[in-house]
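Just below is one structure, and these are the notes that go with it.
As the structure is a prediction and not an experimental result, all values here were calculated from the model. All values below were derived from every heavy atom in this structure, side-chain atoms included, with hydrogens, water molecules and symmetry-related copies excluded. Convention: sequence-line order gives letters A, B, ...; per-chain numbering from 1.
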Amino acid sequence: MKEEAITFGGFTSLIGILTRPATDFTANRAPAVVLLNPGIVHRVGPGRIYVRIARTLASLGFPVVRFDFSGIGDSPVRNDHLPFEKSAIRETEALMDFVEAEHGISQFILMGGCSGARIALQTASLDSRVLGTIPINFPLTDEEDDSNPDLVARRMAHYYWTSAMHSAHSWIKLLKGDANYRNLVRAIWCRVRQHLRRSEVHSPESVQLIDNLQTLSARNRRTAFIYSSSDPRLGELREALGRRLKQLRRSGKVTLNVIPRTDHTFSSLEDQQLLLTAITEIVRAMSLPSEALGWHPAPARITSHKQPATC
Amino acid sequence: MRSPERVTPFYFGAHPNLLFGCLHEPRSARQSDWAFVICQPVGHEYVASHRALRQLATRLSDAGYAVLRFDYFGCGDSHGDMEQASISQWLADVAAAIAEIRRRNGAKRVCLIGLRLGAALSMMSSATNDVDSLVLWDPVTVGTKYLSELRDLQAQMLQFRRKRKPTRDDDDTLDILGFPFTKELQSDLEQINLKAWKSLHRGDTLMVSTVGHSETSALTTCLAGVNARVECQQFDTFKVWLPTTDGSLPVPSQLLQSIVDWARKNCS
């Protein structure tokens with residue numbers, strides 16, 4: 001395995017790391033895996049998980065690129081006024097152009113956490129070179145602040161149902177009268193409303209998501225969502241897609257992998273191992289071992305504590 | 001019109017312990033004899049402060065200095081895993097970074113800027129390398145205290161998570177937000193006590209502290225005791241190495257500018 005620093009992009013010099021397999025990957029014709037910034041964290045990822053993902057996949061024969069979007073990590077800011085959602089897609093495509101020109105690889109798997117998950121999906125719907133996407137903790141909206149009371153209530157409900165309910169400390173607070181009862185009632189009502197709602201939520205973001213997934217499905221491209229069990233965005237996805245999620249999953253083009261007992265940034269070594277196992281299996285499944293292509297992925301050498309659930 | 005920023009990423013050092021570095025070229029027509037090497041923190045502190053330190057490098061480059069930011073072995077984009085790292089390895093990495101910027105830039109004088117454990121490594125490196133001045137930003141001065149803070153942070157960040165049952169595979173490695181601090185690394189860290197360090201730096205030193213960081217005053221006293229020229233600055237601002245509740249990576253602009261202003265005054 002070899003790592004080299006790369007710069008690319010005509011407009012700005014974007015900075016990344018190419019992790020190459022030990023074997024001649026251009027002859028093997030394995031797709032390249034591209035890791036997109038998780039939010040504004042730079043290309044090593046929280047807990048250095050992106051480095052681990054890249055090195056693990058490279059040991060299996062996949063070339064991997066991690067890079068920083070302009071204004072994030074080591075890449076300089078752009079000097080135009082293009083909004084991030086547009087510039088990030090362009091920069092991802094520029095990266096694919098670079099890898100194609102330098103190494104003759106024309107098929108890619110895009111992966112990213114949080115906003116990187118959104119960019120991965122949007123780029124894939126526009127660029128047919130993308131074989132598959134792995135959005136990790138995909139956020140339906142880019143809202144992170146408290147401006148949307150409905151969003152705040154839903155995320156609070158998710159926290160109560162996935163974490164607080166299982167915490168002895170939380171129950172003690174409840175019984176002693178120290179809990180925030182207003183928040184608790186809002187969380188319960190939010191949960192009841194989610195169960196009663198029969199059709200999916202028709203927000204612009206959900207409509208766009210369904211459109212992207214259908215475009216990819218029609219193009220025979222796979223989308224493998226990965227969520228931490230405690231991430232409230234999982235509930236938002238289920239609510240947004242409603243019955244469409246089941247339909248898409250039945251087609252085999254969309255999978256939903258929920259990793260139990262993990263948080264949004266996979267902030268423990270055990271969490272990271274579980275994520276690594278899930279990603280390895282998905283990337284191998286997305287790549288097409290084919291006699292015609294003359295390539296087969298190397299056998300996995302990952303041991304896991306527990307298998308993530310695939311729904 | 002100012003020239004665009006020139007940042008060159010590269011690997012340096014000796015295989016298999018290659019280190020990743022980013023060199024910021026000076027953007028001013030006036031070239032300085034000085035170059036800066038930024039010694040970053042480790043673990044989650046490295047991730048949280050990366051943006052601030054990158055912007056510090058840009059500001060110093062704008063002021064006419066060459067700056068090298070680099071990742072220690074087993075950290076960031078450098079080779080190796082943190083499980084293989086040690087303090088002696090990291091001190092060797094600082095030495096390699098100093099040599100590298102001298103080789104690339106021809107700098108005659110080097111200033112190390114260290115944040116947190118990076119500040120401790122900077123101080124320790126100055127004893128055996130040709131270092132002309134130091135900037136120590138909220139330094140880790142006592143390793144046992146640092147480890148205790150890490151354990152407290154881990155407990156606080158994971159207090160709402162369902163606890164997992166310990167397994168037979170558990171060893172003495174401390175898992176701090178996904179970064180492994182092995183038993184050996186912990187032992188190395190426990191040996192650090194800058195206040196008892198025998199080879200304190202005697203050159204120009206800027207001590208930067210955020211309010212509430214109590215370790216800098218004791219270290220300043222020690223440095224004054226060996227007639228080092230120490231300037232202290234304190235800022236009422238957030239601790240840039242700590243995780244935020246909203247996932248943002250804030251930048252303490254006034255603090256960064258103060259470092260650049262000190263450099264202009266003392267490194268010319």
Side chain to side chain contact (heavy atoms under 4.5 Å, CB included) between A/D74 and B/H50, worked out
CA-CA 9 Å; A/D74 294 322; B/H50 188 273; 3.4 Å; yes
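- Atom CZ of B/F179 and atom OG of A/S268 lie 12.5 Å apart (nearest 0.5 Å).
- A/S75 contributes atom OG, which lies 10.0 Å from atom CD of B/E5 (distance to the nearest 0.5 angstrom).
- When side chains are defined from C-beta on, A/L269 counts as touching B/P180, because their heavy atoms get closer than 4.5 Å.
- Other residues, nucleotides and ligands contribute at most 12 non-hydrogen atoms within 6.0 Å of the CZ atom of A/R90.
- Of residues 8-15 of chain B, those residues lying under 4.5 Å from chain A by any heavy-atom pair are B/P9, B/F10, B/Y11.
- Proximity to chain B (any heavy atom under 4.5 Å) is restricted, for A/Q272, to the side chain, taken from C-beta onward.
- Interface summary for chain A: among B/R6, B/R54, B/R51, the most heavy-atom pairs under 4.5 angstrom belong to B/R54.
- When heavy atoms are compared at a cutoff of 4.5 Å, B/H44 does not approach chain A at all.
- Note: A/I17 leads A/I49, A/I17, A/T265 in heavy-atom pairs under 4.5 Å with chain B.
- Contact annotation for residues 66-80 of chain B against chain A (heavy-atom separation below 4.5 Å, listed by residue number): B/R69, B/G74, B/C75, B/G76, B/D77, B/S78, B/H79, B/G80.
- Inter-residue side-chain proximity for A/R55 and B/D81 is flagged as met; some heavy-atom pair is nearer than 4.5 Å.
- A/E270 places none of its side-chain heavy atoms less than 4.5 Å from the side chain of B/D175.
- The aromatic rings of B/Y46 and A/H42 stand perpendicular to each other, their planes meeting at an angle above 60°, with 30° marking the opposite boundary.
- Heavy-atom pairs under 4.5 Å with chain B peak, among A/I15, A/T19, A/V51, at A/I15.
- A 4.5 Å side-chain heavy-atom check between A/F266 and B/L177 finds every atom pair outside the cut-off.
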